[in-house]
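Here's the structure, in structure tokens; my notes come after.
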Amino acid sequence: MSKHKILVTGGAGYIGSHTAILLIEAGYDIIIFDNFSNASKESIKRVETIVNKDIILIEGDIRNRNDLHNVFTHYCIDAVIHFAGLKAVGESVEKPLSYYDNNINGTIVLCEVMAEHNCKSIVFSSSATVYGDPHTTPIKENFPLSATNPYGRSKLFIEEMLHDLYISDSSWKIILLRYFNPVGAHISGTIGEDPNGIPNNLMPFIAQTAVGKLNCLSVFGDDYDTHDGTGVRDYIHVTDLADGHVKALDIIKDIKKVITVNLGTGTGYSVLDMVKAFEKASGKDVPYCIAPRRAGDIAKCFADPSYAKEVLNWEATKGIEEMCQDSWRWQSNNPNGYEG
Ligand code: NAD
Ligand code: UFG
């Protein structure tokens, strides 16, 4: 017997599709709402195969009030997991208004429609990017916040907006999840990260190099103050991340304030650590060369995940080996992503 109906905005995307599986496995009824601006319907078909169940899929845009009204009118929604948004840092510098419109305006419209239908529980996808360049690591939730690009600023504004919403009406239940660097794929190897064009992020770039689609990885800087000079990040398996959302839903009814939680492993790996681990997992070479630092990058970013353990009873379980093995299984089975 299913417990609750959960609306998953952006549920066809990378993190949303993995979360959909865990929600269904935990007994939640879900509705996926996505405009497919950065996803394919094939991902949902594959999720349906994994869970052996049909999924209600609504094609719509969070900025479109009518699209959302229709969903809330037809279904009784208890809570929303809000993944929908644009996420490419570089693109956000080129197209700031598009990022503010999709991310901030989209969230405003979503919250307004939720309130009209008396659905006031939301789990929001924030990001470690809101810590800017942290003064020290590991990063705790109470560290100072800042943003260096429109994408990061959109996450920061939305966090603040949701705090203000709670101040205005304390019947809202709001959980802000700050993700570190999601990588990996479902163990089946049938769903995974499928970026458009040449990947901006490290893990898909490494995976596409290993599979022979790209020639060589540019390592952006080898003179950072880290153990090997290359940038250090907190890579977290997307299935662990997905589990954090299930844990968030488990407590959301009982929270008495806005909860803000880091979802990371607490361990930082460098670019070269990731290259070596991926070569081992795949048995393939990942040729690389050292390139200049990428503008806006920081040396080190990894979480203190202790509050997540305390408040959500959540902790990451999968290590770097599984992250690389699962990413490789997805990439090697689907060299052209969902289109192949
Ligand atoms: P993704 O692009 O794969 O998924 C986002 C989904 O939202 C896509 O399916 C897209 O089609 C949909 N979408 C975008 N705008 C929409 C709109 N206006 N209306 C309806 N649907 C819309 O990205 P992801 O990696 O799964 O990220 C999910 C969320 O997590 C995003 O909010 C992202 O900013 C955040 N996040 C991601 C990372 C990361 O590195 N992947 C890190 C921190 C935070
Ligand atoms: N890197 C390379 N070569 C590449 C790509 C990345 O050397 O081709 C390096 C970067 O310099 C950095 C590390 O690999 O040191 C990770 O870079 P990513 O682009 O994979 O990830 P970021 O930490 O820069 O940012 C990501 C998301 C952001 C999000 C942040 C925290 O892109 O949106 O994680 O969650 F905010």
Side-chain angles (χ1 to χ4, degrees), residues 6-24 28 30-51 55-64 67-68 71 80-92 95 98-99 101-104 106-107 110 122-129 151 154-155 158 177-186 188-197 199-201 203-204 207 236-246 248-249 263 326-327 330-331 334 336-340:
I6 307 297
L7 181 68
V8 186
T9 74
Y14 173 45
I15 305 170
S17 56
H18 288 82
T19 303
I21 295 172
L22 265 63
L23 288 171
I24 292 167
Y28 288 100
I30 67 164
I31 296 167
I32 288 179
F33 183 92
D34 203 297
N35 69 355
F36 296 97
S37 59
N38 194 36
S40 102
K41 290 183 183 151
E42 180 63 21
S43 70
I44 305 298
K45 285 195 191 135
R46 296 191 185 184
V47 169
E48 288 180 325
T49 304
I50 291 167
V51 297
I55 292 174
I56 303 169
L57 171 62
I58 313 283
E59 188 163 355
D61 194 300
I62 51 167
R63 295 165 295 175
N64 185 319
D67 287 353
L68 286 171
V71 178
V80 176
I81 303 189
H82 178 31
F83 293 107
L86 302 180
K87 65 164 182 177
V89 173
E91 187 187 55
S92 79
K95 300 179 184 167
S98 177
Y99 274 67
D101 184 33
N102 262 278
N103 296 3
I104 299 181
T107 304
L110 173 66
I122 183 166
V123 178
F124 172 64
S125 300
S126 189
S127 165
T129 195
Y151 167 72
S154 76
K155 293 293 177 190
I158 295 168
L177 300 179
R178 292 182 179 153
Y179 312 155
F180 282 68
N181 290 55
V183 296
H186 187 260
S188 63
T190 59
I191 64 165
E193 190 171 10
D194 183 18
N196 285 327
N200 297 310
N201 296 117
M203 191 63 146
I236 172 164
H237 197 293
V238 65
T239 300
D240 276 333
L241 192 67
D243 183 47
H245 297 74
V246 178
L249 277 188
L263 293 183
D326 292 344
S327 172
W330 155 251
Q331 185 68 59
N334 305 271
N336 298 315
Y338 290 112
E339 280 190 6

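Fair warning: this is a prediction, and the values are worked out from it, not measured in the lab.
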Exercise: identify the closest heavy-atom pair between [X] and [Y]:
| X | Y | answer |
| --- | --- | --- |
| G192 | A185 | CA-CB, 4.0 Å |
| K87 | Y151 | CA-CE1, 3.4 Å |
| D34 | G11 | OD2-N, 3.5 Å |
| A84 | T9 | N-OG1, 3.1 Å |
| G184 | V238 | O-CG1, 3.6 Å |
| S17 | G13 | OG-O, 2.7 Å |

- [ ] Take T129 and V89 through the test side chain to side chain contact (heavy atoms under 4.5 Å, CB included) and record every step on the way to the result.
- [x] CA-CA 10 Å; T129 195; V89 173; 5.6 Å; no
Task: Full working for side chain to side chain contact (heavy atoms under 4.5 Å, CB included) between R63 and N102 - done: CA-CA 7 Å; R63 295 165 295 175; N102 262 278; 3.3 Å; yes
- [ ] Identify, with sequence neighbours excluded, every residue that meets side chain to side chain contact (heavy atoms under 4.5 Å, CB included) alongside S40.
- [x]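 S40: side chain to side chain contact (heavy atoms under 4.5 Å, CB included) contacts with E42, Y338.
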Open item on the list: List the residues meeting side chain to side chain contact (heavy atoms under 4.5 Å, CB included) with V246, not counting sequence neighbours, and say none if there are none.
Closed with: L22, L23, A26, Y28, D243, D250
Would you confirm whether [X], through its side chain, and [Y], through its main-chain N or O, come within 3.5 Å as a donor-acceptor pair?
| X | Y | answer |
| --- | --- | --- |
| E193 | Y14 | no |
| N334 | G189 | yes |
| N103 | L86 | yes |
| S43 | A12 | yes |
| N201 | M203 | no |
| K155 | S125 | yes |

Task: Those residues that, when tested against D67, pass salt bridge (charged side-chain N to carboxylate O under 4.0 Å, His left out) (two or more places apart) - done: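 Expected list: none.
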Give, for atom [atom1] of [X] and atom [atom2] of [Y], the distance between the pair rounded to the nearest 0.5 Å.
| X | Y | atom1 | atom2 | result |
| --- | --- | --- | --- | --- |
| F33 | D61 | CZ | CG | 6.5 Å |
| I81 | H245 | CD1 | NE2 | 6.0 Å |
| I30 | L7 | CD1 | CG | 9.5 Å |
| I31 | I56 | CD1 | CD1 | 4.5 Å |
| I55 | I44 | CD1 | CD1 | 6.0 Å |
| D194 | Q331 | CG | CD | 8.5 Å |

Task: Ring geometry between Y179 and F83 (parallel below 30°, tilted from 30 to 60°, perpendicular above 60°) - done: tilted
Donor-acceptor side-chain pairing of [X] and [Y] below 3.5 angstrom:
| X | Y | answer |
| --- | --- | --- |
| T190 | S188 | yes |
| H18 | T239 | no |
| Y99 | E91 | yes |

TODO: Output, in order, the C-alpha distance, side-chain angles, deciding distance and verdict of side chain to side chain contact (heavy atoms under 4.5 Å, CB included) for H82 and I62.
DONE: CA-CA 10 Å; H82 178 31; I62 51 167; 3.7 Å; yes
